[in-house]
Amino acid sequence: MTDSLTFSTIPHAAPTSADARATLLEDPAFGRVPTDHMVIVKWTVEKGWHDATVQARAPFQLDPACAVLHYAQEIFEGMKAYRTAEGAITLFRPEENARRFNESAERMAMPTIPEELFLDAIEALVRVDADWIPANDGGSLYLRPFMFASEVFLGVKPASEYIFCVIACPVGAYFKGGSKAITLWVSDDYSRAAAGGTGAAKCGGNYAGSLIAQAEAMRNGCDQVVFLDAAEHRWVEELGGMNIFFVMEDGSVITPPLGTILPGITRKSIMELAQAAGHSVLEQPYSFDQWQADARSGKLREAFACGTAAVVAGIGEVRYSGGAFAIGNSGDGPVTTALRDQLVGIQKGKIADDRHWLRSVD
Ligand code: PLP
Ligand code: COI
């Protein structure tokens, strides 16, 4: 299989003007402001990966029998490009996204993409839309690589044609409250994933299945839903779009083990940073009952959610059908703040990148 392809570029005929872009960049929120271009690479059984193009962002034309519309073979990634104070452009551990994308592809019976081609596609879009990367402190360019089954066929089988695409949006804070601690809703009725299912894959279907629980969370005045395990409805797993960490009074940091949760790249990075800062880091099951008891007794000092979109968000309160409890002082605790500052400092080039997590885009 070819590991790289030459990208042909057809620049946007009427890109957004510098003035209009500056206005859009003032407050882009999350995921609402598209950049001018997209990258597309096609795959067929006969040709493998081919036809790599950078082109104006435009709608797809899909036949009503396009396989993804019926059997949901779709996977995606979420990553960010940053503008450093010196004006350089960096990506944070993009090789990890390439690896996870291929793990998701395998789980969903889709073709894998050579890591080099995945990274070339990301870099091609970042280069052509570089002016869309916010330079302010909380801003970044959110990149959304995704792949879907494009074969026109209603038989139930892995499709024989796929489209890989990368789009981008300048973004600010994921939560409307900015850096205010978030409130979680514990879902009683719904699970996100079960053993043998697709919980560890970043497939669109996981999110479709989570939306009813997220809507319930929002109805209860919460920012995010937190899921418990499907088998016993006892163990904390993760949020609709983030992993979770607990900071205990003895300084240890607990996070649920991998298996049915998404193996977050932020999670993995936070684990390394916490360990280096002297915390003992435990990947171990933590029950909802224990969580309540520890929050009430003060044994639990802090909890935070983390992910590419949300970065690191302190959890102030947890609500459930039987009541609610607060965590710590209901705001960001010192460990949460220190880990976030370190992560963001590395991403923005303000703290030395000793672990070689950044990849610069020239
Ligand atoms: N869990 C879920 C369900 C997610 O959607 C995300 C976001 O991508 C994460 C965890 C965090 O993963 P990452 O840190 O790689 O963005
Ligand atoms: C991300 O953090 O990249 C995600 O995919 C999660 C979603 C909340 C946007």
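Counting starts at 1 for both ligands and their atoms, following the listed order. Residues take their numbers from the sequence shown, with the count starting at 1. Predicted, not measured: the structure shown is a model, and the values here were computed from it.
- With respect to atom 16 (O) of ligand 1, the closest heavy atom belonging to the protein is Thr308 OG1, 2.6 Å.
- Within the structure, ligand 2 lacks Met79 among the residues with a heavy atom less than 4.0 angstrom away.
- Ligand-side atoms of ligand 1 in range of Arg192: 3 (C), range being under 4.0 angstrom from any heavy atom.
- Proximity to Tyr174 (heavy-atom distance under 4.0 Å) selects the following atoms of ligand 2: 8 (C).
- In this structure, the protein non-hydrogen atom closest to atom 14 (O) of ligand 1 is Thr266 OG1, 2.5 Å.
- The closest protein non-hydrogen atom to atom 8 (O) of ligand 1 is Lys202 NZ, 2.8 Å.
- Taking both residues in full, the closest heavy atoms of Pro256 and Ile244 are given as CD-O, 3.4 Å, listed atom of the first, atom of the second, then distance.
- Contacts of Lys80 with ligand 2, taken as heavy-atom pairs under 4.0 Å, are absent altogether.
- Among all protein heavy atoms, the one lying closest to atom 2 (C) of ligand 1 is Glu238 OE1, 3.3 Å.
- Taking the six-membered ring wherever Trp is involved, the centroid distance between the rings of Tyr142 and Phe30 falls below 6.0 Å.
- Protein heavy atom closest to atom 12 (O) of ligand 1, with residue, atom name and distance, is Gly264 CA, 3.4 Å.
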Inset, instruction - Please report the C-alpha distance between Cys306 and Val312 in whole Å, then the side-chain angles of each, then the deciding distance to 0.1 Å, and finally whether the side chain to side chain contact (heavy atoms under 4.5 Å, CB included) criterion is met. - result: CA-CA 4 Å; Cys306 70; Val312 172; 4.2 Å; yes

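- Residue Thr308 has at least one heavy-atom neighbour below 4.0 Å for each of these atoms of ligand 2: 2 (O), 3 (O).
- One finds no salt bridge joining Arg107 and Glu103 here, because no Lys/Arg side-chain nitrogen approaches an Asp/Glu carboxylate oxygen to under 4.0 Å.
- Nearest to atom 11 (C) of ligand 1 by heavy-atom distance, out of Ile261, Ile270, Asn243, is Asn243.
- Checking only distances, Tyr142 does come within under 3.5 Å of ligand 2, N or O to N or O.
- Salt-bridge formation is detected for the pair Glu238/Arg192: a Lys NZ or Arg NE/NH1/NH2 atom is positioned less than 4.0 Å from an Asp or Glu carboxylate oxygen.
- The pair Arg355-Glu96 does not meet the salt-bridge criterion, since no charged nitrogen lies less than 4.0 angstrom from a carboxylate oxygen.
- For atom 6 (C) of ligand 1, the nearest non-hydrogen atom from the set Gly241, Gly240, Ser210, Gly199 belongs to Gly241.
- Residue-environment remark: CG (Leu211) exceeds the threshold of 12 foreign heavy atoms within 6.0 Å.
- Among Gln224, Lys202, Glu77, the residue whose heavy atom sits closest to atom 4 (C) of ligand 2 is Lys202.
- Every heavy atom of Tyr207 sits 4.0 Å or more from the atoms of ligand 2.
- Between the side chains of Gln292 and Tyr320, at least one donor N or O sits under 3.5 Å from an acceptor N or O.
- Among all heavy-atom pairs drawn from Glu161 and Thr44, the shortest one is CG-CG2, 3.7 Å.
- Near Gly307, with a cut-off below 4.0 Å to any heavy atom, the atoms of ligand 1 are 11 (C), 14 (O), 16 (O).
- Residues Ala109 and Gln73 share a closest heavy-atom pair of O-NE2, 3.1 Å.
- Considering both main-chain and side-chain atoms, Ile265 comes within under 3.5 Å of ligand 1 through a nitrogen or oxygen pair.
- Looking at Arg267 next to ligand 1, no N or O pair under 3.5 Å apart turns up.
- Shortest contact from atom 6 (C) of ligand 2 to any protein heavy atom: Gly241 O, 3.7 Å.
- Listed by number with element, the atoms of ligand 1 under 4.0 Å from a non-hydrogen atom of Arg100 are 12 (O), 13 (P), 15 (O).
- Listed here is the closest heavy atom pair of Ala121 and Phe164: CB-CE2, 3.7 Å.
- Between Arg301 and Glu249, at least one side-chain N (NZ, or NE/NH1/NH2) sits under 4.0 Å from a carboxylate O, which counts as a salt bridge.
- For Trp291 and Phe246, the gap between ring centers is short of 6.0 Å.
- Close contacts of ligand 1 with Tyr207, meaning ligand atoms under 4.0 Å from a residue heavy atom, involve 2 (C), 3 (C), 4 (C), 5 (O).
- At least one N/O-N/O distance between Ala309 and ligand 2 falls below 3.5 Å.
- Closest approach of Glu232 and Trp235 over heavy atoms only: OE2-NE1, 3.1 Å.
- For ligand 2, the atoms lying closer than 4.0 Å to a non-hydrogen atom of Phe76 are 5 (O).
- Heavy-atom separations between Glu96 and ligand 1 are all 4.0 Å or longer.
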